Amino acid sequence: MKYHFNEIETKWQKYWFDNQTFKADNNSDKPKFYVLDMFPYPSGAGLHVGHPLGYIASDIYARYMRHKGYNVLHPMGYDSFGLPAEQYAIQTGQHPAETTEENIKTYRRQLDQIGFSFDWSREVRTSDPNYYKWTQWIFIQLFESYYCNDADQARPISELEEVFVIEGNSRINAATDEDIEIFFEEDWKSYSEKEKQEILAKYRLTYLSDTEVNWCPALGTVLANDEIVNGVSERGGHPVVRKKMKQWSMRITAYAQRLLDGLDKIDWPQPLKDSQINWIGRSEGAMVKFPILSFPKGEEKADSKNQDKRSPGYMTGGNNSHLLIEKAQEMRNNPTPAEDALWQSLKAKNLDVKFRRQHLIDDFIVDFVCLTKKLIIEVDGKIHDSKQEQDQKRTDILNKLGYTVIRFRNEEVFGNMDTVLSEIKKNLESSIIPPSGARGIEVFTTRPDTIFGVSFMTLAPEHELVSEITTHEYKEAVEKYVEATAKRSERDRMADVKTISGQFTGAYVEHPFIEGKKIPVWIGDYVLASYGTGAVMAVPCGDQRDYDFAKHFDIEIPNIFQDIDISENACEDKSAVIANSDFISGMPAKKAIKRIIYELEQKGIGKGKINYRLRDAVFSRQRYWGEPFPVYYKDGMPQMIDAKYLPLRLPEVEKYLPTEDGKPPLGNAEVWAWNSIENRVVSNEKIDNKIVFPLELNTMPGWAGSSWYFNRYMDAQNTEEFAGKEALNYWKDVDLYIGGSEHATGHLLYSRFWQKFLFDKGLLPVEEYAKKLINQGMILGTSAFIYRWEYENGESDKAKKIIFVSKTKMESIIKERESIENSKRGVIGEHVDLVNVSKNTSSDKWSHFTPIHADVSFVNASNELDIAAFKNWRPEYKDAEFVLEDGKFIVGREVEKMSKSKYNVVNPDDICIDYGADTLRMYEMFLGPLEQAKPWNTAGITGVHGFLKKLWKLYHTGENDTFHVDSSPLEKSGGALKILHKTIKKVDEDIANFSFNTSVSSFMIAVNELIALKCDKRDILEPLAILISPYAPHIAEELWNKLGNDGSISTADFPIFEEKYLVESTKNYPISFNGKFRFTMELSLDLSKEEIEKVVMAHEKTKQYLAGRTPKKVIIVPGKIVNIVG
RNA sequence: GCGGGCGUGGUGAAAUUGGUAGACACGCUAGAUUUAGGAUCUAGUGCCUCACGGUGUGAAGGUUCGAGUCCUUUCGCCCGCACCA
């Protein structure tokens, strides 16, 4: 009986479907095992032969684990929101849902045909409202949460509101926007509802913010960085501008450390971990604040009498100075009687120091301050009795900034000015803190130990302080520079690393440890606004970029390294000893860093800080085909739709393009407003901003739905929860996840973030969702090229025939041409005559060959082109001429990514028809290691197909090749048993190591050997069928059935390896001389070293190879090798 | 520049702890069989050499009785990040 794979495969696929063979139960006595594949985006092109590679591997694993007695969850679904369906909709008007539905049907048919053991009852589709309902729900949970750094977990936002009412935000340690300001309970109470919401947004784990995006007006959409090439759109080459847009962001940065720490707990490939580590980009260092010495507005009056002799003042105000400065002026002009009295006294008494009144310190207006001594004097009226607590907080903050605050009551000032003054004097004496303002430039540095080597400071041109600190003199130059950099795209700036550019601002900061040392502040585009604080302390002797900058602009380069020459290059070596650095001189970097951080913290001007490269993730897309946000806008502020009313379904639109005024496609929807009373979507006409409000027009990005789908599989039909507690606790996490490494810093990072968040909320039992992950390598295509002869020398190409030249011939023409070139004969070779091309007599202008992709389906295994098929492919090739070699046309081959445009796609459907699914499965595994990229070559498939035929034959040794096994008990002859157990052992090990390619080999070896033995024993062939069943399930089911078993083979117990069948009594020892193998000797394994030596030395070949010499040494490793040295 | 991975026949690749390099296949060669084959079977196939033998895992060193495997240097290819302070 022949191996009719098509019949067998259809039969068993139907059986599995009818019997729900692979439906997993959420309740079982068996241990659980969860095998997951990355679900595909169902594209219109269908699956090619590369896609199922990972699915086959995971299916083998899942089937193997079922044999091993596990309750296996092996689901599949579709990541069905996405761009191609939307673009197709723009072109054709067909609803993306319809296209997607069609594509899914194709996918399902293709997947079924390969015989996967998926539990389809748990299928998920991200575009299904029953699914995205829960994606929206998770979004709401994120909105209602903030990240508490003290508890190191996400907490409800309502907690914050409770604290704000009682004591403001000064004691909250949370992950927030950078520009968070301190406020007190009175402030909170005085804020409007909108202001409160604006503040809370800075804490929420998802928030709206103005984000710079790449806007392409011609395409009417935002583009991702990788969709832009050389400043224009990849598609169509339209210009792209940077534009600020209100976008949803995810505060993934809150989880940076935990995302890093979690990697230690999971068995994922190291390269993938490395790229996540790299992406998160943790660096340890310090924040240092350099006080600004400048001529800021207001301060420059300090010495207005003599413009040339202006001395720098200290900018001590905080970030809100611009709001407070007028008020301070007003207060200066209208002092209270007590303030006025004290002011007069302070001026009159010569205290040797300068006092300022109503001065800005951070975001406070203090009554009097001596900046050089950092002493603040406050004069309070009665009103302050009721505000003591608030005053204390203000004092605390000022103390933190290094100021001493002393407080007098109005009565004291009027009653006894002398006592007040002597008190002030006393404080001035004791205070020896050097001057420093609250206003300063903060920098992040990983090398705080090099702080004494700072000779300038560089700000990113976009830094917010640039406009404030630039002096009059440099204003024009700075503005010009800022404008010039703004014009260049981020990409240009990054690509152009070599050009050094920058501009001095005229401003100075003061060195934190060297009193009075002025450090010039520059701007330069080598500093990125988006990393750290957007400012660097430049240490030219310790950083090459700073060094180059300093050299270029002729800035001093102080050397702070002991015995290191920095005349040519900076020294970035951390092992250098610090010198010329006051209290850290002589220390190695590590110690110096510790000390500096300690000192910075003591002085309140800096602290140890861990900085991350990771940015918050922009979560808005200006697309139609994605999850709608469950958000409407009231007074411009986002409001969440109550979870009860989810899903918020995608509205119908007429056009899938953005609107003419640049709104996202959902702006075309006519019924897209939220009635907050009836809690339903209503027509836009009803918007009154009282009850009916506009809905969000953006949709969620592709990674929203894929960030939690693995949890949904555990309880895919649940309508009450995103997944039930019981199911979640049973399946817990993925035991094996297989997918591509291209998702390393996308899906695989975002999904870990969501998992951790949901874990924090107590909604999930584990913090990492996938214990083990394998990246399958890409299967590459083998493109076929044919070589087109290109005419030159001015003759009209169009009039000429299209001529293709067979590969070897083409190569020999080129070779010949080279030799002609070399000999400068200028005569063309005979091959050109053969193709009737007029001879080129000028040797400097050769015609040449252009390789053209030919569809691989026109090419056979011997690289011969089916010329007739090729001519029919394209009308322009109809009359083409072909120059053959030995009567054949041979194509060139090259390995490339499999893609439609390269005509090298191999369809699994064709393989299944020609060779069967079992052959496809085994061949894909046989190609090479799972994790490695490898080219597809259909020609090689015959080896695996032949193997399956041999396997079939092994069970069909009856008359006329009918099914036959010998069920009589096995005789003693251990040969077959040894083969079986050797194979069991190998397959067990290989599956444990995900080395599927080698187990296919061992099956081949086993079958070859069993055929040689003419083995027909049931005791061998039955376990063999189970062994092969994970790899080739259809043929295994058929054989299992023929062996007389009922039901599916899929849960048959996997054969158990027994060592006893492999025990050998002898070993064929390799005998080496000086490490060189010469011959073998069959010896008993019972022999001792001495006995082996004796036998080997007595062997005549040994004598022959020794040729009379006496060996110096004989190495004997029992059971392994004999090596004779001498 | 930084981080990671990989270099073994004509091709895809094997080689648990260092112990007979190239298993298993493809391809190729020869033969058998068949009306024919892209079917089946047999034998051979790293390279050099008629052979004896020599040589061989990108290259060069080293450790070792013994190295594809360990160490150092170096070259090439691929992937990720990229002025990250």
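Chain letters run A, B, ... following the sequence lines, proteins first and then strands; every chain starts at 1. For clarity, every value in this text was computed on a predicted model and none was experimentally measured. FYI, side chains are in, hydrogens and waters are out, and symmetry mates aren't considered; it's all heavy atoms of this structure.
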Asks: Which pairs with one or both residues in residues 271-283 of chain A pass salt bridge (charged side-chain N to carboxylate O under 4.0 Å, His left out), sequence neighbours excluded?
Replies: A/R282-A/E284
Asks: Mind checking salt bridge (charged side-chain N to carboxylate O under 4.0 Å, His left out) for A/R545 and listing every partner two or more places apart, or none if nothing turns up?
Replies: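 So A/R545 forms a salt bridge (charged side-chain N to carboxylate O under 4.0 Å, His left out) with A/D543.
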Asks: Rounded to whole Å, please give me the gap between CG in A/L948 and P in B/U40.
Replies: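 Distance, rounded to whole Å: 13 Å.
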Asks: Would you say the rings of A/H945 and A/Y923 are close, in the sense that their centroids are separated by under 6.0 Å?
Replies: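 That pair fails the under 6.0 Å test.
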Asks: Whole Å only: how far is the CD atom of A/E572 from the C1' atom of B/C2?
Replies: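 It is 12 Å, rounded to the nearest whole Å.
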Asks: Can you tell me, in whole Å, how much space there is between the C1' of B/C6 and that of B/U69?
Replies: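 Straight-line distance between the two C1' atoms is 15 Å.
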Asks: Would you kindly give the OH-to-C1' distance between A/Y547 and B/A85, to the nearest whole Å?
Replies: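 For the pair A/Y547 OH and B/A85 C1', the rounded distance is 18 Å.
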Asks: Select base, sugar-phosphate, or nothing to describe what A/Q932 touches, counting heavy atoms under 4.0 Å on all strands.
Replies: sugar-phosphate
Asks: Determine the interatomic distance between C1' on B/A23 and the same-named atom on B/G46; round to the nearest Å.
Replies: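 B/A23 and B/G46 have their C1' atoms separated by 14 Å.
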Asks: Closest-nucleotide mapping onto RNA chain B: is A/K986 or A/A535 further toward the 5' terminus? I mean the 5' end.
Replies: A/K986
Asks: In whole Å, I'd like the distance from the CE atom of A/M778 to the C1' atom of B/G80.
Replies: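 A/M778 atom CE is separated from B/G80 atom C1' by 13 Å.
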Asks: Quick one: A/K1076 NZ to B/G53 P, roughly how many Å, whole number?
Replies: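 These atoms are roughly 13 Å apart.
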Asks: Verify whether the ring centers belonging to A/W522 and A/F549 lie closer than 6.0 Å.
Replies: yes
Asks: Measure CD/A/E931 against P/B/A13 and give the value in whole Å, please.
Replies: 14 Å
Asks: Are A/K902 and A/E894 ion-paired here, with the side-chain N under 4.0 Å from a carboxylate O?
Replies: no
Asks: Any chance you could lay out the side-chain contact (heavy atoms from CB on, under 4.5 Å) test for A/L260 and A/I277, step after step, and finish with the verdict?
Replies: CA-CA 6 Å; A/L260 221 42; A/I277 290 167; 4.0 Å; yes
Asks: Reckon A/R1078 has a side-chain N or O less than 4.0 Å from the OP1 or OP2 of B/G54?
Replies: yes
Asks: List every contact pair, protein side and nucleotides 19-26 of chain B side both N or O, where the distance is under 3.5 Å.
Replies:
{"from": "B/A23", "atom 1": "N1", "to": "A/S1001", "atom 2": "OG", "distance (Å)": "3.4"}
{"from": "B/A25", "atom 1": "OP1", "to": "A/N1008", "atom 2": "ND2", "distance (Å)": "2.7"}

Asks: Considering only the C1' atoms, how many Å lie between B/G3 and B/A13, rounded to the nearest integer?
Replies: 28 Å
Asks: Rounding to the closest angstrom, what is the interatomic distance between B/G12 and B/G62 at atom P?
Replies: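 Straight-line distance between the two P atoms is 32 Å.
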Asks: Would A/H956 and A/Y3 count as a ring-ring contact (aromatic ring centres under 6.0 Å, His included) if you check the C-alpha gap in whole Å, the side-chain angles of each, and the deciding distance to 0.1 Å?
Replies: CA-CA 10 Å; A/H956 292 81; A/Y3 169 41; 9.2 Å; no
Asks: B/U11 and B/C50: how far apart are their P atoms, nearest whole angstrom?
Replies: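 The answer is 24 Å between these two P atoms.
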Asks: Sorted by first residue and then second, give each salt bridge (charged side-chain N to carboxylate O under 4.0 Å, His left out) pair with at least one member in residues 929-939 of chain A; sequence neighbours left out.
Replies: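 Residue pairs with at least one partner in residues 929-939 of chain A: there are none.
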Asks: When you look at CE of A/M778, are more than 12 heavy atoms from neighbouring residues, nucleotides or ligands closer to it than 6.0 Å?
Replies: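 Result for CE/A/M778: open.
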Asks: In whole Å, I'd like the distance from the CG atom of A/L930 to the C1' atom of B/A14.
Replies: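 That distance rounds to 17 Å.
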Asks: Say you pick atom P in B/C26 and the same atom in B/C79; how far apart are they, in whole Å?
Replies: 31 Å
Asks: By the rule that syn is within 90° of 0, classify the base conformation of B/G9 as syn or anti.
Replies: syn
Asks: Go through the structure and list residues passing salt bridge (charged side-chain N to carboxylate O under 4.0 Å, His left out) with A/K949, not counting sequence neighbours.
Replies: none
Asks: Specify the residues of residues 607-615 of chain A, ordered by number, for which at least one heavy atom lies under 4.0 angstrom from an atom of RNA chain B.
Replies: A/R613
Asks: Looking only at the side chain of A/D525 (C-beta and beyond, no hydrogens), which of the listed nucleotides B/C83, B/G4, B/C81 gets closest?
Replies: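 Nearest to the side-chain atoms of A/D525, counting from C-beta on, is B/C83.
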Asks: Distance between the C1' atoms of B/U20 and B/A30, in whole angstroms?
Replies: 29 Å
Asks: Would one find a side-chain N or O of A/K1112 under 4.0 angstrom from OP1 or OP2 of B/C65?
Replies: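 A/K1112 to B/C65 OP1/OP2: no side-chain N or O under 4.0 Å.
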Asks: Take the protein atom CZ of A/F994 and the nucleotide atom P of B/U16, then report the distance between them rounded to whole Å.
Replies: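 Taking atom P of B/U16 as the reference, CZ of A/F994 is at 18 Å.
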Asks: Please measure how far the P atom in B/G10 lies from the corresponding atom in B/U16, and state the result in whole Å.
Replies: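 B/G10 and B/U16 have their P atoms separated by 23 Å.
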Asks: Do A/D546 and A/Y526 have side-chain N/O donor and acceptor atoms under 3.5 Å apart?
Replies: yes
